[in-house]
Protein chains: 2
Amino acid sequence: MQPGSPDNEWREDCAPRRVLDLFSSKWTSMILHVLDTRLDGCARTGVLLRSLPGISKKMLTQTLRDMEASGLVIRRVYGTVPPAVDYTLTPLGKRFVELIDLLYGWGRDNADALDALKAKKGEGA
Amino acid sequence: MQPGSPDNEWREDCAPRRVLDLFSSKWTSMILHVLDTRLDGCARTGVLLRSLPGISKKMLTQTLRDMEASGLVIRRVYGTVPPAVDYTLTPLGKRFVELIDLLYGWGRDNADALDALKAKKGEGA
DNA sequence: CCATCTGGTTACGTCAGGGTGCCTATGTCC
DNA sequence: GGACATAGGCACCCTGACGTAACCAGATGG
């Protein structure tokens, strides 16, 4: 294996891996998707919390903050008495929503393939 | 998204999540891709090992076995003196290769978006 | 006076993914 | 004889993602 060979395509920072990174957080893609699809690109923390069954407050905040740091959303704080914060999808965020929709769409179109997969996590029968 | 079943769409076993499951192993998608793209759908363990810089023997075997269990590849063992084993992509595996190519393709086409992402893992400067 | 609602943080604990290293078994090569 | 290559098993470890629960702050309302 020499340098310059196709093997170098698989470095840590290659496109494929960076794409996958986006899906490595469990909630990121769902937040992005929900934000875009059901919340019209902007929502308050509480709304998001209630829109994503199963997520904990901590994970929401944490993921949202990471997303902000990544430039996927904008965090706006209103200095009101009961704290109010909302998160808005950035144009960059929307680019990734496209990808996510692509992926989710594939999932819907290929549900049979997904069904054919012998899952190793839910099998009890 | 139509109202009526919003929250239920996000159950553990919804299509979106199952799709993401495929990418949750770090090596699965790369193995699939390499197997299809560079190895013509079939390769011996050693070849795969050398084709995926950074993977450890354990992870290769483990991932490959998981993939076999999932029905993505077929494992063939030749009872030869120096053990020989090869893995072949199944039709199901090829379905998923399509998805992976889709994803990787997006990554290549949108490298600028990936670049625009402020990574929180590599920045030290 | 206390509960509550808001958004967050912090401490704490669990668990699985991932990685390293060592071990087997046989046959060939030095 | 000893090293190496083949494919893989197994023990051990480490990290970090994830989750839970408690707590903070300030105003409101009962």
Side-chain angles (χ1 to χ4, degrees), chain A residues 1 10-12 17 20-31 34-35 39 42-70 73-88 119-123, chain B residues 10-12 17 20-32 35 39 42-70 73-88 119-124:
Chain A
M1 303 316 122
W10 298 103
R11 301 166 51 111
E12 284 298 335
R17 294 213 191 179
L20 294 195
D21 254 28
L22 192 53
F23 301 103
S24 64
S25 334
K26 173 174 186 181
W27 293 111
T28 305
S29 64
M30 285 186 262
I31 292 178
V34 164
L35 211 42
L39 271 16
C42 181
R44 292 187 55 178
T45 312
V47 175
L48 280 168
L49 199 57
R50 284 180 287 272
S51 296
L52 291 160
I55 197 173
S56 68
K57 211 193 306 195
K58 194 196 84 169
M59 285 315 298
L60 211 215
T61 310
Q62 183 177 308
T63 308
L64 244 11
R65 291 308 191 90
D66 283 349
M67 290 167 64
E68 186 197 12
S70 296
V73 296
I74 303 263
R75 177 168 183 267
R76 257 183 315 192
V77 183
Y78 303 88
T80 56
V81 180
V85 175
D86 68 27
Y87 296 87
T88 311
K120 51 191 156 298
K121 53 190 323 183
E123 100 292 334
Chain B
W10 297 102
R11 301 165 51 110
E12 285 297 336
R17 294 213 189 178
L20 294 194
D21 253 30
L22 192 53
F23 301 103
S24 66
S25 336
K26 173 173 185 181
W27 294 111
T28 305
S29 64
M30 286 187 261
I31 292 179
L32 241 25
L35 211 42
L39 270 18
C42 181
R44 292 189 54 179
T45 313
V47 175
L48 281 168
L49 198 56
R50 285 180 287 271
S51 298
L52 291 161
I55 196 173
S56 67
K57 211 193 307 194
K58 194 196 85 168
M59 285 315 299
L60 213 215
T61 310
Q62 183 176 307
T63 308
L64 244 12
R65 291 308 190 91
D66 283 349
M67 291 168 64
E68 185 197 11
S70 295
V73 296
I74 302 264
R75 177 169 183 267
R76 257 183 315 191
V77 184
Y78 303 88
T80 56
V81 179
V85 176
D86 68 26
Y87 296 86
T88 310
K120 53 194 156 300
K121 53 191 322 181
E123 103 289 336

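To find a chain, count down the sequence lines: A is the first, B the second, and so on, and within it residues start at 1. Computed over heavy atoms, backbone and side chain alike; hydrogens, waters and symmetry mates excluded.
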Practice prompt. Taking all non-hydrogen atoms of both residues into account, name the closest pair between L32(B) and M67(B) and its distance.
Written response: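 Answer, listing the atom of L32(B) first, then M67(B): CD1-CE, 3.2 Å.
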Distance, rounded to the nearest Å, where [X] contributes [atom1] and [N] contributes [atom2]:
{"X": "D86(A)", "N": "dT6(C)", "atom1": "CG", "atom2": "C1'", "answer": "13 Å"}
{"X": "D66(A)", "N": "dG8(C)", "atom1": "CG", "atom2": "P", "answer": "13 Å"}
{"X": "K58(B)", "N": "dT6(D)", "atom1": "NZ", "atom2": "P", "answer": "21 Å"}
{"X": "K57(B)", "N": "dG18(C)", "atom1": "NZ", "atom2": "C1'", "answer": "17 Å"}
{"X": "L60(B)", "N": "dG19(C)", "atom1": "CG", "atom2": "P", "answer": "11 Å"}
{"X": "W27(A)", "N": "dG19(D)", "atom1": "CH2", "atom2": "C1'", "answer": "11 Å"}
{"X": "L49(A)", "N": "dC5(C)", "atom1": "CG", "atom2": "C1'", "answer": "13 Å"}

Does [X] place a side-chain N or O at less than 4.0 Å from the phosphate oxygens OP1/OP2 of [N]?
{"X": "Y87(B)", "N": "dG8(D)", "answer": "yes"}
{"X": "R50(B)", "N": "dT6(D)", "answer": "yes"}
{"X": "R65(B)", "N": "dA7(D)", "answer": "no"}
{"X": "R44(A)", "N": "dT6(C)", "answer": "no"}
{"X": "R75(A)", "N": "dG7(C)", "answer": "no"}
{"X": "S56(B)", "N": "dG18(C)", "answer": "no"}

Worksheet entry | base_contact_polar (dG18(C) base, K26(B) side chain, donor-acceptor, <3.5 Å) |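 Check fails, no donor-acceptor contact within cut-off.
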Discussion item. Can you work out whether Q62(A) or P83(A) has the more 5'-proximal nearest nucleotide on DNA chain C?
Written reply: P83(A)
Worksheet item: What would the secondary structure line of DNA chain C be in dot-bracket form, counting Watson-Crick and G-U wobble pairs under 3.5 Å, with [ ] for pairs that cross earlier ones and | for pairs with another strand?
Response: |||||.||||||||||||||||||.|||||
